[in-house]
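Reading through the structure tokens given below for one structure.
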Protein chains: 2
Amino acid sequence: MRGIPGVAVVRLAAYRRELADLLRREEATVSSSELASRLGVNAATVRRDLSRLGSYGLRGTGYDVAHLLARVDAALALDRDWPVAIVGVGNLGRALAGSRGFTSDGFRVVALVDVDPRVVGSRVGTTLVEHLDDLPAIVAREHVAIGIVATPASAAQHVVWRLAEAGVRSILNFAPAHLEVPEGVAVRHVDLAVELQVLAYFGAHGEARRLDRSRPRPAAAAGPR
Amino acid sequence: MRGIPGVAVVRLAAYRRELADLLRREEATVSSSELASRLGVNAATVRRDLSRLGSYGLRGTGYDVAHLLARVDAALALDRDWPVAIVGVGNLGRALAGSRGFTSDGFRVVALVDVDPRVVGSRVGTTLVEHLDDLPAIVAREHVAIGIVATPASAAQHVVWRLAEAGVRSILNFAPAHLEVPEGVAVRHVDLAVELQVLAYFGAHGEARRLDRSRPRPAAAAGPR
DNA sequence: TTATGTGAAACCGTTCACAGCT
DNA sequence: AGCTGTGAACGGTTTCACATAA
């Protein structure tokens, strides 16, 4: 049962969002087809995704919203604490630090890191901006589990190595660059320029395909195999 | 060429980035395997992707960097102008407006839109923030081709209808919500919370997986506490 | 020899369709 | 009756492997 396909993990996160909404509305149960239509996916896909977590559906009725939400949270490991460090305190880094998505469900921005002497030592909100050289200490002190790379592309690879050395094994990269990572480190990329270019392609080719940018980005590349 | 698979379009944008870099370094040619290793993909995949644009490779040598870049640009329709409107001028909207990725290669932020009276009428940089109600006029005036949704989730669907009505056919959504769109409108989603949750999953399930474009990777350690 | 372009195979996620619970 | 869980069919991408060209 281990080994949920990357795309399916992305869908789990989407199901979670809908489930949280249903819970808020005090709906007791949902069917796979209802979840499916809310998210624009096939009902069989929903059932297969959820069945990977175990059989928690009730035939004839659907899924218990609260229970299923708890199972999804457990699968996504959201029942733990995930301290986040943001490296690169420019416009984007600042915006991310204040973003809703970055401060909920166990995610907390616990550190801001930069190298620019004009920024290091200042505060963003209540958080002090510290120097990249202190990363090992910061990671140890705050138990940082996820690193956000919001630096220019030219610095991104260097930052990734520093993060990896310091023990961070999950990285979300906003820099427009492909990154090499050591074995055991997971990376996901969010490249704004790429998103726009893809939209340009579809805009120009008049195809309105539904293609969500859901793609996991595995770790490391390393040597030939 | 018509009908490039969505994932391949994303890779084209990545190749473009590498090609631009190679051009900057004045490299005259690249091989598929060099591009492949730079991006962590298979060389055959690179060749198949590029061959969809036509046969521009030179056997025994590789691809002419400048020529290939021009072909990729043409395929992605980057030889045109793509005026962008950002709806939702909060932290994220502001950061995006000033972002590098949003102001290059034909993309220009030509309009900022919000509904909050405290924001409408103000300026971000040199751009005036206008009211959502004026969207049809704004789109017509600026020839807006791409709309960015950077509003709260609760407003996102409404904004999408407004954008679509006004004639915008490409939408990049940053709100944490699934969006219904009319036929002929392309949407891409960037959900920061989802990205973090996916990283939490991989961080927690670090074990044994294989490296593929869409799969988790082997990891050696456990998650955070 | 080196590297492209591409049939054909392998691989993998998606969807169907229905058996099996409640 | 209604809806889940899943074997099996399906469809599309990826990768192999090699004919082909420089």
Side-chain angles (χ1 to χ4, degrees), chain A residues 1-12 14-15 19 27-65 67-68 71-72 207 209-212 214-218 221 224-225, chain B residues 1-12 14-15 19 22 27-65 67-68 71-72 198 209-217:
Chain A
M1 164 236 173
R2 190 86 328 146
I4 301 180
V7 275
V9 175
V10 173
R11 283 194 302 265
L12 282 180
Y15 302 152
L19 289 168
E27 298 282 344
T29 61
V30 238
S31 64
S32 60
S33 55
E34 189 176 336
L35 273 177
S37 75
R38 276 176 170 247
L39 293 171
V41 303
N42 182 287
T45 297
V46 173
R47 290 200 297 279
R48 191 169 299 279
D49 287 343
L50 296 182
S51 74
R52 271 187 270 251
L53 311 181
S55 293
Y56 300 110
L58 200 60
R59 296 177 190 223
T61 306
Y63 302 84
D64 179 86
V65 172
H67 185 232
L68 185 57
R71 295 303 311 178
V72 173
E207 312 172 33
R209 261 189 245 184
R210 170 162 300 290
L211 211 239
D212 297 327
S214 33
R215 241 172 359 106
R217 205 28 244 295
R225 188 180 33 294
Chain B
M1 266 267 165
R2 195 81 355 134
I4 301 179
V7 275
V9 176
V10 173
R11 284 194 300 266
L12 282 180
Y15 302 152
L19 289 168
L22 288 163
E27 298 283 342
T29 62
V30 239
S31 63
S32 60
S33 56
E34 189 176 336
L35 272 177
S37 76
R38 275 177 169 246
L39 293 171
V41 302
N42 181 288
T45 297
V46 173
R47 290 199 298 279
R48 190 167 304 275
D49 287 343
L50 297 181
S51 74
R52 271 187 271 252
L53 311 181
S55 291
Y56 300 109
L58 202 60
R59 297 183 188 219
T61 306
Y63 301 85
D64 179 86
V65 172
H67 185 232
L68 184 57
R71 296 302 311 178
V72 173
V198 172
R209 292 281 215 96
R210 257 205 73 183
L211 172 233
D212 228 53
R213 241 332 176 152
S214 46
R215 231 103 41 136
R217 227 24 178 353

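Below, chains carry the letters A, B, ... as their sequence lines are ordered, and counting in each starts from 1.
Straight-line distance from the CG atom of A:L68 to the P atom of D:dG5: 10 Å, rounded to whole Å. Atom CG of B:L50 and atom C1' of C:dA3 are 13 Å apart (whole Å). Remark: C1' of C:dC16 and CG of A:N42 are 9 Å apart, rounded to the nearest angstrom. The nearest whole Å value for the distance from the OH atom in A:Y15 to the P atom in D:dT4 is 12 Å. What separates CG of A:L35 from P of D:dT4 is a distance of 9 Å, to the nearest Å. The separation between B:R47 atom CZ and D:dC18 atom P is 14 Å, rounded to whole Å.
Checking the phosphate oxygens (OP1, OP2) of D:dC3, no side-chain nitrogen or oxygen of A:Y56 falls inside 4.0 Å. Taking side-chain N and O atoms only, B:S55 has a distance below 4.0 Å to OP1 or OP2 of C:dG5. Within the structure, every side-chain polar atom (N or O) of B:S32 is placed at least 4.0 Å from both OP1 and OP2 of C:dA3. Of the side-chain N and O atoms in B:S31, none sit less than 4.0 angstrom from OP1 or OP2 of C:dA3. Considering only side-chain N and O atoms, A:R11 lies under 4.0 angstrom from the phosphate OP1 or OP2 of C:dT14.
Comparing C:dG5, D:dT6, D:dG5 by their closest approach to the side chain of A:A44 singles out D:dT6.
Residues A:S33 and A:A43 approach most closely at CA-CB, 3.9 Å, considering heavy atoms. Shown here for A:V72 and A:L12, the closest heavy-atom pair between the two residues is CG1-O, 3.7 Å.
Using a 4.0 Å heavy-atom cutoff across all strands shown, B:G60 reaches at least one base atom of the nucleic acid.
Distance check, rounded to the nearest 0.5 Å: OG1 of A:T29 to CG of A:L68 gives 11.0 Å. Rounding to the nearest 0.5 Å places CZ of B:R47 at 7.5 Å from CG of B:N42. Summarising the geometry, atom OH belonging to A:Y56 is positioned 12.5 Å from atom CG belonging to A:D64; distances are rounded to the nearest 0.5 Å.
Evaluation of atom-type donor-acceptor distances gives a pair under 3.5 Å for the side chain of B:R59 against the base of C:dT4. Counting atom types as modelled, B:R48 pairs a side-chain N or O with a base atom of D:dT15 as donor and acceptor under 3.5 Å.
Toward the 5' end of DNA chain D, the nearer of the two residues B:L58 and B:A8, judged by each one's closest nucleotide, is B:A8.
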